[in-house]
Amino acid sequence: MSGGHGHALYRPGDSAVHRLPAHVKVLALLAFVLVVVATPREHYWAFGAYALLLAGVAAIARVPARVVVARMVVELPFVVFALLMPVVSQGPRVDVLGLSLSEPGLLTGWNILAKGTLGVVASILLAATTDVRGLLAGLQRLRVPDRLVEIASFMIRYADVVAGDMRRMRIARESRGFQARHLGHARVVAQGAGALFVRSYERGERVHLAMLSRGYAGSMPLTATAGAGRADWLRGATLPLAAGVVAVLS
Amino acid sequence: MIEVSLEVAGLAFAYPDGHQALFGVDLTIGRGERVALLGPNGAGKTTLVLHLNGILSGGVGTVRVGGLEVRPGDRDTLREIRRRVGIVFQDPDDQLFMPTVRDDVAFGPANLGLRGAELDARVSEALDLVGMGDVADRPPHHLSFGQRRRVAVATVLAMRPEILVLDEPTSNLDPASRRELHDVLDSLDVTQLVVTHDLPFALQLCPRSVVLSGGAVVADGATADVLGDADLLAAHRLELPYGFDPRSVAPGRP
Amino acid sequence: MIEVSLEVAGLAFAYPDGHQALFGVDLTIGRGERVALLGPNGAGKTTLVLHLNGILSGGVGTVRVGGLEVRPGDRDTLREIRRRVGIVFQDPDDQLFMPTVRDDVAFGPANLGLRGAELDARVSEALDLVGMGDVADRPPHHLSFGQRRRVAVATVLAMRPEILVLDEPTSNLDPASRRELHDVLDSLDVTQLVVTHDLPFALQLCPRSVVLSGGAVVADGATADVLGDADLLAAHRLELPYGFDPRSVAPGRP
Amino acid sequence: MHVPDGFLNAPTSVATGAVAAAGVALALRKAQDELDERTAPLAGLTAAFVFAVQMLNFPVGVGTSGHLMGGALAAVLVGPWTAVLCLSVVLLVQGLLFADGGLTALGTNISLIGITTVVVGWVVTRAVLAVLPKRPASVVPASAIGALVSVPVAALVFVLLFAIGGEASLSLGALTASMLGWHTLIGIGEAVITGLTVSAVVAVRPDLVYAARGLRAPLQLRRPDGSLVPAPEPTPAAAAAPRASTRPLLVGGGLVALALAGIVSFFASSNPDGLEYVAEGEGFLATARDHAFGDFALADYGEVGGIPVGVAGILGVAVVVVAGVLLFRLVGRRPAADREEAAVR
Ligand SMILES: Nc1ncnc2c1ncn2[C@@H]1O[C@H](COP(=O)(O)OP(=O)(O)OP(=O)(O)O)[C@@H](O)[C@H]1O
Ligand SMILES: Nc1ncnc2c1ncn2[C@@H]1O[C@H](COP(=O)(O)OP(=O)(O)OP(=O)(O)O)[C@@H](O)[C@H]1O
Ligand SMILES: [Mg+2]
Ligand SMILES: [Mg+2]
């Protein structure tokens, strides 16, 4: 429940990617995605090369393809969008398999699909190899204002509290003979949602007060992690540098 | 032979994090019996209790309630079992979730199909039994801990279960409430399994006691005998409280 | 005159939902004293406790800790007060929040500036006192309720506060742990305020008792006298447990 | 409507990034007044709740995903400035830990979801509150209406951004119509959830609702004989810190708008010289001009959905400026009025 050690996408491990400090990974990811976004869409093979680079990272980090693919559903909405593009766009048309498609639309769809997918996969890899504590410490190192980091850490803790309370409430409901069978029962659940908010808040509030009681003054004393050495930066730079080379060559 | 109300056979269970809590528990309770479940912290008492209506499952062994086997997949049977078995959780916060105490106590009976005046009567009756009639319109999470525990007991009493399972019902109760709870439970003619660290309470209420330790049953017998066995008690972190004279207490029912 | 450790004067407080819980509480505790705070469910005991280090505030009246006034705005004084007053909450889930038991116990001392070997020693010592050394690397929310309570006590002991406030420390503890907790508390030479419904425990540990009822202090005196006053007890839902013989217990310290 | 990487072109991403950065920076400064030691975790909870609410995610036919947004809810519970912070944190965490929303599109997402919905939700809520009776319960319908309005407005802003920096030749009319249609539906869901949550909180913890602060019954004392007497008034807590004047706000807002206008028009102009120059200087650009940073130039699309880019750009800037000024004026002033009200009561 509380504590928030892991999160949905995190896959504990001890690969070189896991060990890289979180802030190095975040910067590397950002640089990589920037290069991808800046690559003109006609440079088709460059995107293939980027994909290979990411596959390499995934292999080093030992993140199974299954995990990556499963999470890629987040991009479903814009895949739909990308697929629609050639149909609804204006401009000169070409015939593909009997369909009259818009040429710029095809390009646009491809552009969204390629860049979006690479971005999502890169983020999945970051998420899969970075635990919450590491990420928060990394954000701190990246000079993200304390306030934001504090809100983020409370948020992650609360996500656990809310999930835990939701579970408790479900168990309590079912133990007393409740099963959501028809729509009328939605009211019970909805009524619960408001109570859940107050209840999780108050539970979290009490925990917060307990922290204050034990001398908490705004930052975790134990989460301070070591900074990144030159080797870390070099290792982290590999991905964006390789991507950069691809971009220039393409 | 007496009719069997609860039957646990060879139950072993590990939590998802790999920690094994039960190592083959066997326990049979006849209809109308009152049994105290004793044991040290971390013995697996709560884990066992949560198996009795299928909240935890997935280990080996079987649990039967009045002949019905508790199986996670079988929703209809599970519903029936949950109607029969009423559990008061160790942590009242696990039990209470509705916006007001009244709604919370009404929740169970309403699921059983009660409505209108009948429902109201059931709710007031249950709240009066635990002396919480006057907080009916407050939100449960704004009550004191002991008040929440009393409301938690009421939510289960209101369902009139055939089997009543209480996990540490006396903790955080003021002494008078503890006695009143004893009187309420004593007046109910249903099967009862009471988990408690309060040995005098166990002696007062339950003729039979089962000691769970390290995830297995290590003793099962008349409460007076179990509490009289100093070696057994000492081996499982049980002891009669300082100043308590077991001879002064007449055990619940012989 | 003895040095005053805790001083509460005219404290009245209403919760944000408008429910008033304290109606003018006066209480003075000298340095090194051990006081039991008794009273029925909903009397306001927890509410009072939460005022002692400024967790609740905003009512009328004053609270002083070793001469420092608890004032919500004054962050530095508040920090100092929280260093001095260690509170064990009634609900261990309110107390534990770190990913492992060890981290949780280390949290307080680390905030006080301890590091390295010294910190480790402090943590192991506190865990050993409550007999929880072997769960140090497990997540606290995966422990049994009683284990969590013991860890909660350890988190506060590790801070070595000058004033120790425990809200229902014995609830959910197995009988041996209850006695061990008594021994630990008995061996500590700090001011202690112990909220409890466990009257024998109060008699054993605390020479002085205060009865809070309806949000105000209704009795304050030697524990033996308070527990001997049958009318007082009856008026405030207190009673000695069945089978308990007060004469058999030697009160903590005269 | 989490926008993924590569969805809008780089200049638009940069421009919205600037807006987001300015908004968050401002919110960081102003939020000091809204939270104290005790309510700090409320921001975290609100963020967590918004996070959960945003999980209710479904595809919207014409574009990115549609989901509940939670901006109005956050504003009502913790105040607008803190709400901006909460939503920004949610988006950051979603981007980093859940691969939801592109990293290079973070600025866009913060502007859309973090700033637009909060500002619109809050402004509308305050406006509705002004005509309703002065009771805490009034916050419920007001916040629901705020939530209802905030979602389609955010959708409109999205269409606008798409018109400026979208990489497609779509009919803007159709896009607008379908986005509005969908998001009005989503807005209704948003209103229901916001109303339910706020009413639950107002009922038991009115002190936690920023928009409904300041309501307390007098305390009583119990005398030894058991009778009750009214308690003396508590000594007034240290008066709230004097409020900063709104001038820095307006100046800051103006600067942001100006900077924005500069950046956007620089990139949005179809004259790529400046960039090409830079690119050549870096030795990047070897052949044609739609190379490495070719996208920046909008070279291929002089028109987006029939609206010349220049016009769209100007429109966009104008809207952002107006919204910014409104934001700074309304938000800057309201809390002060609030506090006075509370003091009078
Ligand atoms: N959610 C969980 N995940 C992992 N292990 C758990 C979990 N809950 C309990 N345990 C472990 O399982 C064992 C049995 O726990 P259980 O809660 O059943 O004990 P108990 O007998 O009820 O103790 P208590 O008297 O303290 O309530 C303990 O060792 C505990 O640490
Ligand atoms: N968060 C809250 N909001 C509103 N009222 C509350 C809240 N917490 C407690 N109360 C009320 O304040 C009164 C005092 O509660 P408190 O928790 O201090 O009692 P207590 O003496 O600790 O009782 P117990 O022995 O049951 O723990 C009770 O009437 C309770 O219902
Ligand atoms: Mg238990
Ligand atoms: Mg209490």
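Per chain, numbering begins at 1; letters A, B, ... match sequence-line order.
Within residues 169-178 of chain B, the residues approaching chain C closer than 4.5 Å by heavy atoms are, in numerical order, B:Ser171, B:Asn172, B:Leu173, B:Asp174, B:Pro175, B:Ala176, B:Ser177, B:Arg178.
Of the inter-residue distances, the one linking C:Asp91 atom CG with B:Asp91 atom CG reads 5.5 Å to the nearest 0.5 angstrom.
No side-chain heavy atom of C:His142 sits less than 4.5 Å from a side-chain heavy atom of B:His19. Contact check for B:Phe145 versus C:Thr46: no side-chain heavy atoms found under the 4.5 Å cut-off. Counting only heavy atoms from C-beta outward, the side chains of C:Asp93 and B:Asp93 never approach each other to under 4.5 Å.
Heavy-atom distances place no part of C:His236 under 4.5 Å from chain B, backbone and side chain included.
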Table please: side-chain donor-acceptor pairs of residues 124-136 of chain C below 3.5 Å, with sequence neighbours left out.
residue: C:Ser124; atom: OG; partner: C:Asp120; partner atom: O; Å: 2.7
residue: C:Glu125; atom: OE1; partner: C:Arg160; partner atom: NH2; Å: 3.2
residue: C:Glu125; atom: OE2; partner: C:Arg160; partner atom: NH2; Å: 3.2

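Of the listed residues (B:Lys45, B:Arg149, B:Arg179, B:Glu168), the one with the most heavy-atom contacts under 4.5 Å to chain C is B:Arg179.
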